[in-house]
There are 2 protein chains.
Amino acid sequence: MYDCDHMDPAQLAALPDGQDLRLARGDALFRAGDPPLGLVLVHRGALELRRVSAEGRLIVLHRAGPGDSFAEASLFEPRHHCDAVATAPSLVTVHAAAALRRAAAADPSIGWRLAAHLAARLVAERARAERLAQPRAADRLLDALHALPEDDDGLRHLGRSWKTLAAELGLTHEATYRALARLERAGLVRRDGRGGVRLAGPPA
Amino acid sequence: MYDCDHMDPAQLAALPDGQDLRLARGDALFRAGDPPLGLVLVHRGALELRRVSAEGRLIVLHRAGPGDSFAEASLFEPRHHCDAVATAPSLVTVHAAAALRRAAAADPSIGWRLAAHLAARLVAERARAERLAQPRAADRLLDALHALPEDDDGLRHLGRSWKTLAAELGLTHEATYRALARLERAGLVRRDGRGGVRLAGPPA
DNA sequence: GGATCCATATGATCACAGTCATACACAGTG
DNA sequence: CACTGTGTATGACTGTGATCATATGGATCC
C-alpha cells in the first residue's frame, strides 16, 4: 500500500540545469566516500545503491527504476555512504547539489516539495524495514510481491531478476527460489515465465 | 556512523504554536488509520511507532527518545499507517500538520530544514534496513551496539530494555539474550548491570 | 560455433533462530 | 503483604535459512 511512490518525482524535475548521463550495465555513478553528486533521476534502466557488509555480503539499500529518483539524502550529507551501480544500460539526469540549493533559495516551494518526496521515500523505507523484520522467507517474499503495482487485471510485473529481489529481501537467492517454488506448489503464486506474477489470497 | 542524528530537531522546534501533551506508559498518541496529527517532538520519555504483522508479530518501525522527533512523514500522508505508543511516561509537543504547512508558506526556510531533517531520518532508516538484512543475530546486535553514541571513554548507554532492542532488530528476545551471552563470553561485549555497554574490537 | 557469463533451479548438510517452557528478580499496586 | 506484570535469562526441540555443490537454459561475445 504505502510502498508505491506517492510523490511524482517529475514534480521535482521542474528544476534547472540537470546533466544527462548514460551508464552501461555495471557502471558506477558514484562510490562510497565520494562527495555528493546531487539528486539523480532515472529515465531508463535501473540503478542500485549498494554496500558490502563486513562479512562480504552484498546489501542492496535501494533500487531505482525509470521514473524514480535517488540519492536525495546526499544533498544534506558530506559524503556518499554507498555505491550507485547501474544494473542495466541506463539514462539518468543529475541535478548537482549546489545548483539545487541555489534553486531552492530562489524558489521556496522546492524545499517543501523535496520534503514531501523525502517523506514518501521514508515511508517506503520503513515498509522495507517491516518486511525485513519478518523471519520467514515466504513472508518477506509474499509481502514484497503484494507491494508490487498491480495490472488492471491481477497481473504484477516484477521489473527485475528474482536474484535481485532476493538481495533486496536480505535472503540468499537459493532461499528465494525455494520459497517461490513452495508458494507456487501451494497455489499462492503463479509465474508466467517472463517476470509476470499473479497472486492468490488476501494481502493480510 | 550515519545512524546518529545529523540534524538537530531543535532547529525544527523554532515553530509556532505547538501543543504540549503528557502521556502515560502504554498511551497511544495515535492509531493506524487516524488522520495525521502532525510533527511530534519528544521532550521526555519515549515513543514507538508500531505495527502488528499479519501473523501477530509486533514490529517496531521507529523509536523516538528525548530530543527526537517523529511522524514527520505523516505531514504528507492522508492517514497514519502505524500506532504511536508511549513506552514510558512522556512529554511531547505536537505541531499540527495544517499549522506547519501554513508556517512553511510564511517562512520558506522551514521546507528546506524539514527536508534536511527527513533526509537524515532516511539515511538512518536505510542503516536500519542494512542491519535487518544481516542473517545472524550476533551481527545485527553488534551493528546496533556499535551505532550507539559513545561516551568520552568507551561506554555506550543503551537507553532502552534489551527486549525493546530485540524488537527493533527483528529478533525474538530469547535470540537476543543468547547472542548477548555468547558475545559476552567471547569478550566482545561487556555489560554493567545498568544499561551500559562496552565493546571490544573494530566496528568493521 | 564454441566460450562465457548469468539467472534459474535443486539437493545435502549444518548452524542457528523460532518456539515453548520455566525460573527469578524487580517494580508497582491493591 | 500478596499479587501482577515485565524484563532478564536459560534449556529443549524443531523448523528453516545459509552454505556448498551441481546442473541447465538463455544471453552475449568473439
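Letters A, B, ... are given to chains in the order of the sequence lines, protein chains preceding strands, and every chain is numbered from 1. The figures that follow rest on heavy atoms only: side chains count, while hydrogens, waters and symmetry mates do not. Keep in mind that what you see is a predicted model, and the values were worked out from it rather than measured.
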- Task: Answer with base, sugar-phosphate or nothing: what part of the nucleic acid does Arg191(A) contact at a heavy-atom distance below 4.0 Å?
- Result: sugar-phosphate

- Query: dT8(D) C1' sits how many Å from Leu158(B) CG, rounded?
  - Reply: 13 Å

- Task: Identify whether any heavy atom of Arg25(B) sits under 4.0 Å from a base atom; if not, whether one sits that close to sugar-phosphate; answer base, sugar-phosphate or nothing.
- Result: sugar-phosphate

- Task: Calculate the interatomic distance between Glu184(B) atom CD and dA9(D) atom P; express it in whole Å.
- Result: 8 Å

- Locate the shortest heavy-atom distance separating Ala46(A) from Arg63(A); write the atom from each residue and the value. CB-NH2, 3.7 Å

- Closest-nucleotide 5' rank along DNA chain D - winner of Ala179(A) and Lys163(B): Lys163(B)

- Query: What do you reckon, is CZ of Arg190(A) surrounded by more than 12 foreign heavy atoms closer than 6.0 Å?
  - Reply: no

- In whole angstrom, what separates Leu171(B)'s CG from dT19(C)'s P? 12 Å

- Query: Aromatic rings His80(A) and Phe30(A): how do their planes relate, parallel, tilted or perpendicular, breaks at 30° and 60°?
  - Reply: parallel

- Assess whether one donor atom and one acceptor atom, taken from the side chain of Arg178(A) and the base of dG11(C), lie less than 3.5 Å apart. yes

- What's the CZ-C1' distance between Arg136(A) and dG18(C), to the nearest Å? 10 Å

- Message: In whole Å, I'd like the distance from the NE2 atom of His173(A) to the C1' atom of dA18(D).
- Response: 11 Å

- Message: Heavy atoms only, 4.0 Å cut-off, all strands: where does Arg182(A) land among base, sugar-phosphate and nothing?
- Response: sugar-phosphate

- Pick base, sugar-phosphate or nothing for Gly170(A), based on heavy-atom distances below 4.0 Å to the nucleic acid. sugar-phosphate

- Message: Counting only side-chain nitrogens and oxygens, does Arg194(B) get under 4.0 Å of the OP1 or OP2 atom of dT8(D)?
- Response: no

- Message: Distance alone, cut at 3.5 Å: any donor-acceptor contact between the side chains of Glu48(A) and His62(A)?
- Response: no

- Task: Measure across Ser90(B) and Gly45(B) and return the closest heavy-atom pair with its distance rounded to 0.1 Å.
- Result: OG-CA, 3.4 Å

- Contact class for Ala181(B) (heavy atom, under 4.0 Å): base, sugar-phosphate, or nothing? sugar-phosphate

- Just how far, in rounded Å, is P of dC6(C) from OH of Tyr177(A)? 13 Å

- Query: Thr172(B) side chain N/O closer than 4.0 Å to the phosphate oxygens (OP1, OP2) of dG18(C)?
  - Reply: yes

- Leu165(B) CG to dG7(D) P: how many Å, rounded? 13 Å

- Query: What is the distance, rounded to the nearest whole Å, between atom CD of Glu174(B) and atom P of dA21(C)?
  - Reply: 12 Å

